[in-house]
2 protein chains.
Amino acid sequence: MKKIKKNITIHDIARELKLDSSTISRALSDSPRVGIKTKERVLSKAKELGYRRNQMASNLRTNKTMTIGVVVPYISRHFFSEAIDGIEQTVADKDYRVIISQSHDDYKLEKKILDGLFMNRVDGLLISASMETPDSSHLSIFKDNRIPVVLFDRYFENGGLSKVIFEDKQGANDLTQHMINQGCKKIFHLAGSIDSQIYQQRYQGYREALKKNDLEFKESFVKPSSLTAEDAVEIIKEILKDKKNLPDALVCGNDISALAIMKYLDEHTEIRVPGDICIGGFSNEPASDLIKPGLTTVDQHPFMIGKTAAEMLLDFINNKEKAFRSSNTVEIKSSLIVRGSTLKKKKKIIKKNNIK
Amino acid sequence: MKKIKKNITIHDIARELKLDSSTISRALSDSPRVGIKTKERVLSKAKELGYRRNQMASNLRTNKTMTIGVVVPYISRHFFSEAIDGIEQTVADKDYRVIISQSHDDYKLEKKILDGLFMNRVDGLLISASMETPDSSHLSIFKDNRIPVVLFDRYFENGGLSKVIFEDKQGANDLTQHMINQGCKKIFHLAGSIDSQIYQQRYQGYREALKKNDLEFKESFVKPSSLTAEDAVEIIKEILKDKKNLPDALVCGNDISALAIMKYLDEHTEIRVPGDICIGGFSNEPASDLIKPGLTTVDQHPFMIGKTAAEMLLDFINNKEKAFRSSNTVEIKSSLIVRGSTLKKKKKIIKKNNIK
DNA sequence: AAAAACTATACAATCGATTGTATTTTTTAT
DNA sequence: ATAAAAAATACAATCGATTGTATAGTTTTT
């Protein structure tokens, strides 16, 4: 009967073969300093005993963990789970592992998580900062210890950190322009937190499009929101109260809020989309393609964002000078997915305006 | 100017305070063997130097990693990302971290991942097996080394492992019964892989409901499918070809396929849901509540499944005898969410049949 | 005041793998 | 055949924290 001894180490193999543990270590890592015959004996004995390298011991000695820390606000949000998918696939390919944590948009928790990840001596960090995070000061420990960090999606201006972001401004601009092309004149904006760069950018893009087309704008067109389904419903109710000032289009900060509003309008009002109001969002949630009419949205390519960020990080890990000599920003291109929710002029394909 | 030395260790603190590193270690873990004054000096010096414990060294010595391995087929699927959310929150509360990997339903990759997780000496493992996984043989290394394992959602009969599963059979039964109550007579089933316990169970639940109600059943009512949106469309096309044998209800193995079919019917046929055909699915995808009519679905409570599995695992980690003395199976209750896609008798609330 | 009991701290081994240096063995060259 | 070169393996230190044992210093007991 084969007995499987627990937690076999290289010393166990060494003892059985009457060799030194250093030879075993070298044999297992295929070092040229070990004879081919010995290598074979070691490999076969390792298999026989069910040896598995203790990664922690190895990590301690080599000061490398083959582990990447990933911090996001919420794992289960479509955008983040797609981004994590991209990250995981990219790094797993190179035999890295990911430790994933969620900050729940809580700065204190985020700090605690970063501390833990540092103690685990991750080889690199990918983080999409919480809404509350004011700056990158809590990342300094990574910088001080030359552990590469790449931000993705959410970021901050200061800090000079490398990042992979989405061209939010352009996306919002395109979306708004598209609505204008459809003949919309009074376009409201459901805006996310002003503390967040990304929602700021979306707001800017919206503003610029209005300006470029000489369309009316008032501060009251902008409705700050948490962009949850519930909050969106509250806001549309509010908007509808002022019957003299109804918008004919609504640029929502995300799909979740846009979808909630469409559902509300359909179930509780006579207002029709896109006939009475055009609606657009961000993120291309799966539902956006399933409802009727489909929701026009700015696709953020979250998988690609995750993949790109992971590739950049791996590059930094392998070329540390790069990581700390300068900072790198990659902007992932947006693409506007036009669906029924903004198609007043139906079926006709509208080309981009060439107004200078 | 304060210089932050890289990678401060307890030895650095010891040197500065002219103490032994063992005293530092004990002071930092608040051992009663260190005087209170010394503790204070150590703590303040640690802070001053920016000391962070090297978890790897600690892990190696204590043979504990405070890390849980999580393996799922696809991170970005709604069900799994919700389950991971539940897992992460539960274990993070107890200061555990999660290493998350995806098997892409590939058995070979799954084996490789498990090997890696074992080498990292995770304290426990949560796994939702890949479709291809035939048995638990690749988990034996965890058993042999007394590392607790809890399966969730996907599982296998043999192996005697603890698991948290969903009552798929009951869910399918309830869904089918509900359709029958609505007056449906010819109910088809879009079935998932027969290799998977969960789809087997759903099929069984469907069958039992038909039998209990003495409804017609033929093998041809069951359509095997990969349950992707694309495949579902192919299958509904196929079904519609046989005009003499159209179903008046369709129990789909998941929401994704149900949603795809509803969209197809709406866009390409005259068939109306629920008027001509009732449709139901599994998982309560976010879109199911947003489309019109809403999709009736069996809610699987993925967050709760993840949370429960994580709690069970933590319990096993802290009580190892429990983990290996017996096996434990928790079945998470299903709940049927009735929406428009199955409501022929509109608005009337239908109570469960009491037919014995 | 000496012995006993207790505190606080130091010493040293250990976890398992890696790696620079030293030594032994084998091969090649003369 | 012997020296030199090369190959294979052994020795020993190390990564940083933990922990059992030993020792120095202090307080209590009688």
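This is a predicted model, so every value here is computed, not measured.
Between A:Leu19 and A:Arg61, the residue anchored closer to the 5' end of DNA chain D is A:Leu19, taking for each the nucleotide with the nearest heavy atom.
A search for salt bridge (charged side-chain N to carboxylate O under 4.0 Å, His left out) contacts involving A:Lys64 returns A:Asp123, not counting sequence neighbours. Partners of B:Glu16 by salt bridge (charged side-chain N to carboxylate O under 4.0 Å, His left out), not counting sequence neighbours, listed by chain and number: B:Lys45. By the side-chain contact (heavy atoms from CB on, under 4.5 Å) test, B:Asn63 pairs with A:Asn7, sequence neighbours left out. Take A:Arg61 and apply the salt bridge (charged side-chain N to carboxylate O under 4.0 Å, His left out) test, not counting sequence neighbours, and it matches no residue. For A:His11, the ring-ring contact (aromatic ring centres under 6.0 Å, His included) criterion is met by no residue, not counting sequence neighbours. By the salt bridge (charged side-chain N to carboxylate O under 4.0 Å, His left out) test, A:Lys112 pairs with B:Asp95, sequence neighbours left out. Contacts of B:Ser327 classified as side chain to side chain donor-acceptor pair (under 3.5 Å), with partners at least two apart in sequence or in another chain: none.
Within the structure, ring pair (Phe, Tyr, Trp, His ring centres under 6.0 Å) pairs that include any residue of residues 38-71 of chain B do not occur (at least two apart or interchain).
Residue A:Lys64 is out of contact with every strand shown, counting any heavy-atom pair closer than 4.0 Å.
Taking the 5' to 3' direction, DNA chain D first and last meets chain B under 4.0 angstrom from a heavy atom at D:dG16 to D:dA22.
A heavy-atom distance below 4.5 Å is found between the side chains of B:Ile87 and B:Val98.
Listed by residue number, A:Arg33, A:Val34, A:Gly35, A:Thr38 are the residues of residues 27-39 of chain A with a heavy-atom contact under 4.0 Å to DNA chain D. Within residues 51-59 of chain B, no residue is approached by DNA chain C to less than 4.0 Å at the level of any non-hydrogen atom.
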Contacts table for residues 316-323 of chain A: side-chain donor-acceptor under 3.5 angstrom, sequence neighbours left out:
unit_1	atom_1	unit_2	atom_2	d
A:Asn318	ND2	A:Leu314	O	3.0
A:Asn319	ND2	A:Asp315	O	2.9
A:Asn319	ND2	A:Asp315	OD1	2.8
A:Lys320	NZ	A:Arg146	O	3.0
A:Lys322	NZ	A:Asp315	OD1	3.3
A:Lys322	NZ	A:Asp315	OD2	2.8

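For B:Ser22 and C:dA10, the shortest distance from a side-chain N or O to OP1 or OP2 is not below 4.0 Å.
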